[in-house]
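Whatever order the structure lists ligands and atoms in, that order sets their numbers, starting from 1. Just so it is clear, the structure is predicted and the values come from calculations on it, not from any experiment. The first residue of the sequence shown is numbered 1, and numbering continues consecutively from there.
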Amino acid sequence: SKESSVIVLNQAYPRDHYTNISPAILTKLDRKLHLDPRHPLGILKNIIYDRFPDYARHETFAPVVTPFDNFDSLLIPANHPGRSKHDNYYINEQTMLRSHSSAHQLQVLQQHKHTQFLVAADVYRRDEIDASHYPVFHQMEGVRLMTPREIADGTIAQDIERMRAIAAQSNIVTSDDTTLHAGNAIQPGHSPEQIKMVMAHLKASLNYWVAGIFGCIGQLQQQTIPVRWIEGSFPFTSPSWELEVLYQGQWLEICGCGVMQQRILDQGGMGDHLGWAVGFGLERLAMVLFDISDIRLFWSQDARFLAQFEPGRITQFQPFSKFPPCLKDISFWLPRAAAGAATDSFTPFHENDLMDLVREVAQDLVEDVKLIDQFVHPKSGRSSRCYRIVYRSMDRSVTNDEINAIQQCVREQAVQRLGLELR
Ligand code: PHE
């Protein structure tokens, strides 16, 4: 758009070549679903809080942060692909919507007030469109610091024992193993004995947490729930893991975690501590626990959705009847550089630009967008793609006319804004 500034949460920011935040996203910023104790995301958040009563809670940090907060403070390198405009919402080059709750780690450390805390936050990512991806979702960060003294004097060991004993009585089957493999090493400068305790505390805490969550579901208490630790990699932790839970035949990734990089603790003025950090995605877990099959439902304002939940309880959602989908395909040639044009004046096609455009035009009427065909023309060398868009409302039947109008608008915008040549 042509205006020279963009208003986000009542503040004006100058636009620049980074600006890619869309009006559809701007409408989400003040919903704050995680602050509603009757919303499934708020219910899940509160269950996590209850499990960790001694952790300080932060849940109202504004989603507008700097790339320093979101990346540099976490030692994410300047050339890391995760910083791309294709994957993040930038307000301008200096300001963005946080893409993870880790963006607040350093800020809380610098307060020097808490050695254990949780941060619940709405986070924003440009991504594909399907039943489990939405450009806004919620995460909860957990950070636990400990001193070498607490590690040496048995305080930490005692806490580990307490949590292990409780988790052992639950229906989860997990491992406390702290063996490390090549490529997931402890940091130079860390003592292996101390880090073994930090890792054991991390695993005991998360096993204890998962046991608590799945233990809340009455019908699951008879089943065993396998939990596995997969070695992972994050610039801000080492060693690192992802925790997965086997549920209804599928391994669900529920969090990333690891031993915090000591440089982050140093920068936060807490360098005399060691620590672990974890980031949970709330939607994935809530979809499983509450039996919610489409991630868009979390944004529904329909009483048939909202009235089904009550604070403090995990109950299974009863879907109101599923309305019929309406499918539309869009085929186009990718843009190509004009003959003789400098390569840097040519904007290549990026799939997330199309996803964002469809979201903006169709809002929550779009359920899924998938590449169904592509080929390169043998003579001209041009690439063609065809995407199938599934439109469906969560609360009513859509008419073909209404969807045709939306599809027409998607087609026009694809030409105007992405330079695609429709076929
Ligand atoms: N911030 C990471 C993500 O969003 C998760 C994470 C948090 C990993 C804390 C390690 C430690 O994927």
Original post:
Hey, what's the ring geometry for H58 with F61, parallel, tilted or perpendicular (30° and 60° as the breaks)?
Top reply: parallel
Subject >> Geometric class of the H201/W276 ring pair [parallel <30°, tilted 30-60°, perpendicular >60°] >> reply: tilted
Subject >> Distance-only donor-acceptor check, side chains T155 and E150, under 3.5 Å >> reply: no
Original post:
Are any of the side-chain heavy atoms of F298 and H138 separated by less than 4.5 Å?
Top reply: no
**OP:** Would you check ligand 1 and list the protein residues that come within less than 4.0 Å of it by any heavy atom, ordered by chain and number?
**Re:** H100, S102, R125, Q139, E141, F234, F236, T237, G256, C257, A277, V278, G279
**OP:** Flag this pair as yes if the NZ/CZ of R162 is under 6.0 angstrom from the six-membered ring centre of Y208 and inside a 45 degree cone about the axis; otherwise no.
**Re:** yes
Subject >> Centroid-centroid under 6.0 Å between Y124 and F137 rings >> reply: no
